[in-house]
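Notes follow the structure.
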Number of protein chains: 2
Amino acid sequence: MRIGQLARRSGVSVRALRYYEEQRLLESARTPGGQRDYPDEALERVQLIQDLFAAGLSSRTVVELLPCVSTGVATPAMLDQLIIERDRIAARIQDLTRAKTKLGHVIENVTAANVAPD
Amino acid sequence: MRIGQLARRSGVSVRALRYYEEQRLLESARTPGGQRDYPDEALERVQLIQDLFAAGLSSRTVVELLPCVSTGVATPAMLDQLIIERDRIAARIQDLTRAKTKLGHVIENVTAANVAPD
DNA sequence: CCTGAACCTGACGTCAACGTGAGGTATGAG
DNA sequence: CTCATACCTCACGTTGACGTCAGGTTCAGG
């Protein structure tokens, strides 16, 4: 599969895919003419990368954790890092939940004020 | 209260406070000498700004929503925006929860593999 | 062989929320 | 008055994940 097709299938831009390769998050074979040629598994990998980015991990962290995420094999240091990242995500979820609740209250108040200005 | 004290009390940097003013998120009176002089309520406001930033809102959005968040009075457009932002946060929480679960599975697998390599 | 689409490699631009340094002023205790 | 802080206004630097443009190459269909 060439880069354009992978981009369309995964929903990320061609530029992003090249960037992933530059950051060593994604490999590609090359055609004799020098064009990237991806195996089908690349699609899953791109989606995994997107998930990790969406979770707020940096590309540096992702490149460190990708091996164990996809193979299930990790050094103790990698395990520590995994736990750190999971906890960071959990804390972030707490923050967002608080913020959501707060906005919810504001919305309620505003709605009440508009609907029943008294 | 001067800027240094507000910074210490709120936990944000002096630079950040000046930035908030530049973005019209925060006002200040001035001493005859030109130094910023904040009322006590500024502390709450800074904390509110931080909460909204932490929720992933941009300063542009915050400046639009701050009035109704602090006064409880909103135009219909502001209410729409509030709902949009709340839903955005909810979606983000979903993403993060999925990612956290995923990382949790990885951690379980890795731990199992390390503890009981069989 | 020809052509248009898709691809290639640089390399500079973007955006947000500040950090940081320069060079000067205000404040308040002694 | 003096001096140490704290403060002031520019204004450029930083970071991450790409966007975008330039200038050239490869591929596939006819």
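Note that the structure is predicted; figures quoted are calculated from it, not measured. Note on naming: letters A, B, ... go to the chains in the order of the sequence lines (proteins, then strands), and numbering restarts at 1 for each one.
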Checklist entry - Please give, in whole Å, the distance from C:dA17 P to B:D51 CG? => result 15 Å
Checklist entry - D:dT5 C1' sits how many Å from B:Q5 CD, rounded? => result 14 Å
Next on the checklist: For A:R36, give me all partners under salt bridge (Lys or Arg N to Asp or Glu O under 4.0 Å), at least two apart in sequence or on another chain.
Outcome noted: A:E21
Next on the checklist: Between A:Q23 and A:V63, does the side chain to side chain contact (heavy atoms under 4.5 Å, CB included) criterion hold? Intermediate values first, please.
Outcome noted: CA-CA 8 Å; A:Q23 301 297 308; A:V63 79; over 6 Å; no
Item to check | Shortest side-chain distance from A:F53, nucleotide among D:dC18, D:dC27, C:dG19 | outcome: D:dC18
Next on the checklist: Without decimals, in angstroms, what is the distance between B:R60 CZ and C:dA17 C1'?
Outcome noted: 16 Å
Checklist entry - According to a strict under-4.0 Å criterion, is B:S58 in side-chain N/O contact with OP1 or OP2 of C:dA17? => result no
Item to check | Integer-rounded Å distance: D:dA17 C1' and A:L52 CG | outcome: 15 Å
Checklist outcome for this item: A:Q23 CD to D:dA17 P, in whole Å, measures 7 Å
Checklist entry - How do B:I3 and B:R15 order along DNA chain D: which one's closest nucleotide is nearer the 5' end? => result B:I3
Checklist outcome for this item: To the nearest angstrom, the CD-C1' distance between A:Q50 and D:dA17 comes to 10 Å
Checklist entry - Shortest non-hydrogen contact from A:L96 to B:I89? => result O-CG2, 3.5 Å
Next on the checklist: Do B:M1 and B:Y20 land in one hydrophobic cluster if side-chain heavy atoms of ILVMFWY residues count as linked below 4.5 Å?
Outcome noted: yes
Next on the checklist: If the threshold is 4.0 Å, N to carboxylate O, is there a salt bridge linking B:E41 and B:R45?
Outcome noted: no
Checklist entry - In whole angstroms, how far is the P atom of C:dA5 from the CZ atom of A:R8? => result 14 Å
Checklist outcome for this item: Shortest non-hydrogen pair, B:L52 vs B:L66, comes out as CD1-CD2, 4.4 Å
Item to check | DNA chain D contacts among residues 28-48 of chain B, heavy-atom distance under 4.0 Å | outcome: B:R30, B:G34, B:Q35, B:R36
Checklist entry - Charged N to carboxylate O under 4.0 angstrom, B:D51 versus A:R98? => result yes
Next on the checklist: With a cut-off of less than 4.0 Å, is there a side-chain N or O of A:S59 near OP1 or OP2 of D:dG16?
Outcome noted: no
Checklist entry - Which is true for B:R18 with a 4.0 Å heavy-atom rule: it touches a base, it touches only sugar-phosphate, or it touches nothing? => result base
Next on the checklist: Taking only side-chain N and O atoms of B:Y20, does any of them lie within less than 4.0 angstrom of OP1 or OP2 on C:dC18?
Outcome noted: yes
Checklist entry - Taking OP1 and OP2 of D:dC18, is either one under 4.0 Å from a side-chain nitrogen or oxygen of A:Y19? => result no
Next on the checklist: If I take atom CG in residue B:L26 and atom P in nucleotide C:dC18, what distance separates them, rounded to the nearest angstrom?
Outcome noted: 12 Å
